[in-house]
Q: 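Handing you this structure, nothing more for now.
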Amino acid sequence: FTPLGVSYILVRMITKINWVDFFDRVSFWLFAAVAFLLPLSFIPLPGLSLDVGKSALFSVGVLVSFILWLIARLESGEVSVPWNFTLLSLAGLLLVLAIAAATSPSPLVSFLGMGWETGTVFSILIFALALFLVSTWYINDERVLSFLVVFSFSALLAGVLSLIHAWVPAVLPFGLFSDRLATLVGK
């Protein structure tokens, strides 16, 4: 194998990849991974609260999934959007929120917030992107079933950890949930 021969083989392998399918699959499974990790992301990091960690995980996951979905659409050259009343009303809500934030006394805080608040235009936009991605991906039964299996497994794992914690409170690492009444679900 010469360097020219290896580069020729690599170029042939890369050009045979169906990039639209690749980016669609990565985007879908990244979104499913975020859905899997959200119920299990209960370990607070130093200097990062639980709410901020979950918001950051959800926001980054949805944004990267949307960017990968957009790359796949640009690669294929066609965009198929299942417009329905829910997405149209969501677009109207985003428009009204953007106008309200632009006319508020502190528009920067209304658009971005002070951290990872869920009432800002940015966070509502992230939720809207998540709803949009769900409406474009989950149109066949196979994808809905795979997402439900991933999410159900995550919920089952969180439930098992909660049951273990109820009987043996000191089993979770990092000194989490030191009393029996603390749960993985919330306060």
Side-chain angles (χ1 to χ4, degrees), residues 20 23-141 143-148 150-152 154-155 158 176-177 182-187:
V20 174
F23 284 122
D24 269 340
R25 286 180 186 268
V26 170
S27 177
F28 172 79
W29 285 109
L30 177 66
F31 192 81
V34 168
F36 176 79
L37 290 174
L38 274 176
L40 298 176
S41 61
F42 58 88
I43 299 174
L45 299 172
L48 186 68
S49 73
L50 190 63
D51 296 336
V52 170
K54 284 191 179 211
S55 295
L57 175 67
F58 183 74
S59 297
V60 169
V62 168
L63 280 175
V64 172
S65 287
F66 180 72
I67 288 169
L68 291 173
W69 178 86
L70 198 58
I71 290 171
R73 299 293 67 81
L74 291 173
E75 186 72 27
S76 72
E78 62 183 43
V79 177
S80 173
V81 178
W83 287 107
N84 54 31
F85 182 71
T86 305
L87 289 179
L88 287 175
S89 61
L90 191 59
L93 175 68
L94 283 171
L95 179 67
V96 168
L97 282 172
I99 292 170
T103 59
S104 76
S106 58
L108 186 62
V109 173
S110 297
F111 274 104
L112 299 177
M114 304 287 280
W116 292 92
E117 296 90 7
T118 56
T120 62
V121 175
F122 177 74
S123 65
I124 301 296
L125 176 67
I126 295 296
F127 293 132
L129 286 177
L131 182 65
F132 172 77
L133 289 173
V134 165
S135 71
T136 58
W137 284 327
Y138 302 109
I139 53 177
N140 63 11
D141 293 340
R143 282 207 163 174
V144 171
L145 182 63
S146 63
F147 182 79
L148 288 176
V150 166
F151 189 73
S152 297
S154 174
L176 295 173
F177 311 123
T183 66
L184 303 177
V185 178
K187 297 177 184 174

Q: Could you state the interatomic distance from CD1 (Ile67) to CG (Leu129), rounded to the nearest 0.5 Å?
A: 9.5 Å
Q: Could you tell me the separation between the OG atom of Ser152 and the CG atom of Leu145, rounded to the nearest 0.5 Å?
A: 9.0 Å
Q: Establish, yes or no, whether a centroid distance under 6.0 Å links the rings of Phe58 and Phe127.
A: yes
Q: Are Arg143 and Asp24 ion-paired here, with the side-chain N under 4.0 Å from a carboxylate O?
A: no
Q: Is it the case that the ring center of Trp69 lies less than 6.0 angstrom away from the ring center of Phe23?
A: no
Q: Can you name the nearest heavy-atom pair linking Leu133 to Val62, along with the distance?
A: CD1-O, 4.1 Å
Q: May I ask you to decide if Ala56's main-chain N or O and Ser59's side chain share a donor-acceptor pair within less than 3.5 Å?
A: no
Q: Answer yes or no: is there a donor N or O on one side and an acceptor on the other, between the side chain of Ser106 and the main chain of Val109, under 3.5 Å?
A: no
Q: Below 6.0 angstrom between ring centroids: does that apply to Trp29 and Phe36?
A: no
Q: Does Phe111 have any ring pair (Phe, Tyr, Trp, His ring centres under 6.0 Å) partners at least two apart in sequence or in another chain, and if so, which?
A: none
Q: Can you name the nearest heavy-atom pair linking Leu38 to Lys54, along with the distance?
A: O-NZ, 3.0 Å
Q: So for atom CZ, which belongs to Phe66, do other residues, nucleotides or ligands contribute more than 12 heavy atoms lying within a distance under 6.0 Å?
A: yes
Q: Less than 4.5 Å apart, any side-chain heavy atom of Asn84 and any of Leu87?
A: yes
Q: Using distance only, find each side-chain donor-acceptor pair of residues 89-102 under 3.5 Å and give its atom names and separation, not counting sequence neighbours.
A:
from: Ser89; atom 1: OG; to: Phe85; atom 2: O; distance (Å): 3.0
from: Ser89; atom 1: OG; to: Thr86; atom 2: O; distance (Å): 2.9

Q: Distance from Leu63 atom CG to Leu68 atom CG, nearest 0.5 Å?
A: 11.0 Å
Q: Just by distance, do the side chain of Ser65 and the backbone of Ser27 share a donor-acceptor pair under 3.5 Å?
A: yes
Q: Could you give the distance from CG (Leu148) to CG (Asp141), rounded to the nearest 0.5 Å?
A: 10.5 Å
